[in-house]
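Predicted model only: the values in this text are computed from it and were never measured.
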Amino acid sequence: QVQLAESGGELVQVGGSLRLSCTASGRTSSSWTMGWFRQAPGKEREFVAAIRSGDSSAYYADSVKGRFTISRINAKNTNYLQMNSLKPEDTAIYYCAWHNSRIVVTGVRLGDVYSYWGQGTQVTVSS
């Protein structure tokens with residue numbers, strides 16, 4: 001089993017910034033994929049960003065590209081989602097997801113591929 005601990009969600013004003021963190025513990029593999037997804041009230045879960053072990057680049061949804069940055073600390077199985085220029089439409093519960101292997105590039109945006117999920121952290125962007 002892998003446990004995921006997320007933190008960093010809070011209320012922020014439009015144009016503000018937040019940094020979410022996610023740490024994986026337990027039976028983690030040296031080969032992995034970590035992703036962020038979000039779900040707004042009344043909407044389906046959607047992909048936000050992902051990063052894989054060994055990759056120099058990350059993957060982003062078009063809606064956050066240029067505003068959000070995912071980074072990692074390999075030794076701590078931790079990744080961060082830096083969110084800048086926040087908009088009201090970014091309001092959602094943000095979930096960290098983990099898979100104990102490198103998901104193929106075409107699959108990193110698919111939530112069903114990930115094996116483990118965090119409890120979620122609420123991000124509210126107020127205008």
Should the heavy atoms of other residues, nucleotides or ligands under 6.0 Å from [atom1] of [X] be counted, would the total exceed 12?
| X | atom1 | result |
| --- | --- | --- |
| Q122 | CD | yes |
| Q3 | CD | yes |
| Q1 | CD | no |

Quick one: are [X] and [Y] in side-chain contact, heavy atoms under 4.5 Å?
| X | Y | value |
| --- | --- | --- |
| L11 | S126 | yes |
| V48 | Y94 | yes |
| L86 | L18 | yes |
| C22 | W36 | yes |

Counting distance only, does the side-chain N/O of [X] pair as donor-acceptor with the main-chain N or O of [Y] below 3.5 Å?
| X | Y | value |
| --- | --- | --- |
| E6 | G120 | yes |
| T91 | P88 | yes |
| R109 | A61 | no |
| D90 | M83 | no |
| Y60 | R67 | no |
| R102 | S53 | yes |
| H99 | Y116 | no |
| R19 | G9 | no |

In this structure, would L4 and V123 fall into the same cluster of hydrophobic residues linked by side-chain contacts under 4.5 Å?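 In one cluster: yes.
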Is it possible for you to say whether V113 and F47 belong to one hydrophobic cluster, with membership spreading through side-chain heavy-atom contacts below 4.5 Å?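 In one cluster: yes.
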Interatomic distance, [X] atom [atom1] to [Y] atom [atom2] [nearest 0.5 angstrom]:
| X | Y | atom1 | atom2 | answer |
| --- | --- | --- | --- | --- |
| M34 | L81 | CE | CG | 11.0 Å |
| C96 | L20 | SG | CG | 9.5 Å |
| S17 | Q82 | OG | CD | 5.5 Å |
| I93 | T121 | CD1 | OG1 | 9.0 Å |
| S25 | N77 | OG | CG | 8.5 Å |
| T33 | Y59 | OG1 | OH | 8.5 Å |

Work out which heavy atom in [X] is nearest to a heavy atom in [Y]; give both atom names and the distance.
| X | Y | result |
| --- | --- | --- |
| I70 | A58 | CG2-CB, 3.2 Å |
| S7 | S21 | OG-OG, 2.7 Å |
| A24 | V2 | CB-CG1, 4.1 Å |

Tell me if the centroids of the rings in F37 and Y95 come within less than 6.0 Å of each other.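 Ring centroids of F37 and Y95 are no less than 6.0 Å from each other.
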Pair S63-R38, side-chain contact (heavy atoms from CB on, under 4.5 Å): steps then yes or no: CA-CA 12 Å; S63 59; R38 66 187 182 186; 3.5 Å; yes
May I ask you to decide if the ring planes of W98 and W32 are parallel, tilted or perpendicular, using 30° and 60° as cut-offs?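 The rings of W98 and W32 lie parallel, inter-plane angle below 30°.
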Hydrogens and angles aside, do S31 and S101 bring a side-chain donor and acceptor to less than 3.5 Å of each other?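 Side-chain D/A pair, S31 to S101: absent.
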Pair L110-V108, side-chain contact (heavy atoms from CB on, under 4.5 Å): steps then yes or no: CA-CA 6 Å; L110 304 177; V108 296; over 6 Å; no
Between R72 and D55, does any side-chain N to carboxylate O distance fall below 4.0 Å?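 Salt bridge flag = no for D55 with R72.
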Show your reasoning for whether side-chain contact (heavy atoms from CB on, under 4.5 Å) applies to R45 and D112. CA-CA 11 Å; R45 181 182 64 194; D112 290 346; 3.5 Å; yes
